[in-house]
Amino acid sequence: MREERNDARSAALRVLRQMDRAAAWADAGLDAELRRSGLAGQEAALAARLVYGVLQNRALLDHYLGAYCSQKIDHLQKPLADILRLGAYQIIFLDRVPDSAAVNTSVELCRDCGRGQASGLVNAVLRKVAANKENLPPVPERDAVSYLATRYSHPKWLVRRLLSLVGREEADAFLRADNAPAPITVQTNTVLTTPEALRASLEAEGVRVTPGLLPGSFQLRGTGNLTKLAAFQAGHFQVQDDAAALVTEAMDLRGGEQVLDVCAAPGGKSFRCAMAMGDKGRIVACDLYENKLRRIEAGAKRLHLTAIETAALDGRSFRTEWENAFDIVLVDAPCSGLGIIRKKPEIRYKKADDLFALPVVQTAILENASRYVKPGGLLLYSTCTILPEENGQVTDEFLAGHPDFRRESFALPLGEVPEGQITLWPQRQGTDGFYICRMRKAT
């Protein structure tokens, strides 16, 4: 291979290859690559757009490329498939990139990767895509599953599940939302500032600010490097989707409570609890891994929150000293993550078989955590998925075996939740997909 070049397309290809080799997360891989390469500004933004664009549209890109390539795209020698996808994405989806630049830089990527003998194939296929981009082969509509799976680049098993849950129209809207840019949503740290002061500070730095669903939540555009903003460095907000923030709203915190966050990393819900409590009381934020606990501690320090302490904990292992000790216990359980595909597009490529064991783990954590709730206290269960088998079916099973707990109605800014549980959907509420269940322990 020739010496690696530091440009957006080369960086994007390296991230995609790393994800293929090591099953890395796109955001972590991209952050690491940008730090290594030193890319910033428009080049960094283009690299991110290319990585996420290819992940969000891979099946559709392969459908288009397959019309002009004699070989199946996913059967090509690595990394030719990703080079073709990067080129085709630029031609089809990026108006500001000239077709000739998309083709020529893709050919250069072949040579950089030691695949110069394939440069003719890449050149020919991408030139045909460019010549036909106003008349690309339509996705066959022979059946809803195949059409939606290809059109929105989601696995067929997930499309089938969505169709059974919400029907064709909403399944289409859900999948379309997964491929749309996810908004940057932030929550005001009301311990340090007010929503009005935060908005003024952000707008003074050129950020475009619109209200979110909750009091003190905002959606931001034009942030640049968000961590460089004065309000971020002062700890005046945290990045958190409104769906995750609504979990804390379901707790109806007053201040002074003893709260246990069993699966806390990266800490957003613990931080939100501390803010809602006026930083008064005690919040124990737990995770199994020390490096994640350090991230929680660093986040609490940036936000100037003192009510949070951390503890290393396997959510399935019982701590006798915590029995009946907490007013509120939150189980934000490990899950499939199918509600946050718009932020982590690689989640869509999980296999159905990988998810079968999750309800067993979720149930075990919920069972164990329930022992920490005081008589009369609250148990909250949440996930960032929309599958009933990880949500209502888990809490149904738990309640069937624990008659001392019952679901309890609660109020959200969206309205009353009389049944004590709610599933939030991107196509309905405009938030991440999320499940929230509030349960009260008998006195």
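Since we're looking at a predicted model, the values are computed, not measured.
- Ion pairing between Arg161 and Glu389 holds under the 4.0 Å rule for side-chain N and carboxylate O.
- Of the inter-residue distances, the one linking Tyr435 atom OH with Tyr381 atom OH reads 8.0 Å to the nearest 0.5 angstrom.
- Asp396 has a carboxylate O that lies under 4.0 Å from a charged side-chain N of Arg407, or vice versa, which qualifies the two as a salt bridge.
- Taking the charged nitrogens against the carboxylate oxygens, Arg36 and Glu33 do have a contact shorter than 4.0 Å, which makes a salt bridge.
- The backbone N or O of Glu367 lies less than 3.5 Å from a partner atom in the side chain of Ser370, making a donor-acceptor pair.
- Around atom CZ of Arg295, no more than 12 heavy atoms belonging to other residues, nucleotides or ligands sit under 6.0 Å away.
- Looking at Arg17 and Asp20, no side-chain N of the basic residue comes within less than 4.0 Å of a carboxylate O on the acidic one, giving no salt bridge.
- A donor-acceptor pair shorter than 3.5 Å cannot be found between the side chains of Ser153 and Asn57.
- Remark: Arg85 is not positioned above the aromatic ring of Tyr64, lacking an NZ or CZ atom under 6.0 angstrom from the ring centre and at most 45 degrees off the axis.
- With salt bridges taken as basic N to acidic carboxylate O contacts below 4.0 Å, none links Asp178 and Arg342.
- For the pair Asp143 (side chain) and Ser146 (backbone), a donor-acceptor distance under 3.5 Å is present.
- Salt bridge absent: Arg282 and Glu257 never bring a charged side-chain N and a carboxylate O closer than 4.0 Å.
- Ser201 places no side-chain N or O within 3.5 Å of a backbone atom of Leu198 that could act as its donor or acceptor partner.
- Using a 3.5 Å distance cut-off with no hydrogens or angles, the side chains of Asp242 and Thr431 do not pair a donor with an acceptor.
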Please walk me through it: do Gln187 and Arg272 pass side-chain hydrogen bond (donor to acceptor under 3.5 Å, both in side chains)? CA-CA 8 Å; Gln187 309 295 330; Arg272 176 82 177 177; 3.2 Å; yes

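- Below 30°, between 30° and 60°, or above 60°: for His402 and Phe405 the angle between ring planes is above 60°, a perpendicular geometry.
- With respect to Asp27 and Lys343, no salt bridge is recorded, no charged nitrogen being found less than 4.0 Å from a carboxylate O.
- Arg9 and Gln90 are linked by a side-chain donor-acceptor pair at a separation below 3.5 angstrom, with hydrogens and angles left out of the test.
- Comment: Glu170 engages Arg428 in a salt bridge, judged by a side-chain N to carboxylate O separation of less than 4.0 angstrom.
- Relative orientation of the Tyr372 and Phe326 rings is perpendicular, given thresholds of 30° and 60° on the angle between their planes.
- Electrostatic pairing of Asp62 and Arg58 does not count as a salt bridge here, judged by no charged N lying under 4.0 Å from a carboxylate O.
- Look at Glu297 and Lys301 and you find no salt bridge, because none of the NZ, NE, NH1 or NH2 atoms lies under 4.0 Å from a carboxylate O.
- Under a cut-off of 6.0 angstrom, the local environment of CD in Gln393 is crowded, with over 12 non-hydrogen atoms contributed by other residues, nucleotides or ligands.
- Ser336 and Glu390 are linked by a side-chain donor-acceptor pair at a separation below 3.5 angstrom, with hydrogens and angles left out of the test.
- Under a 4.0 Å N-O distance rule, the pair Arg316/Asp314 qualifies as a salt bridge.
- By the 4.0 Å N-to-carboxylate-O rule, Arg406 lies close enough to Glu408 to be salt-bridged with it.
- Taking the ring centre of Trp322 as origin, the terminal cationic atom of Arg319 falls inside the region bounded by 6.0 Å and 45° from the ring axis.
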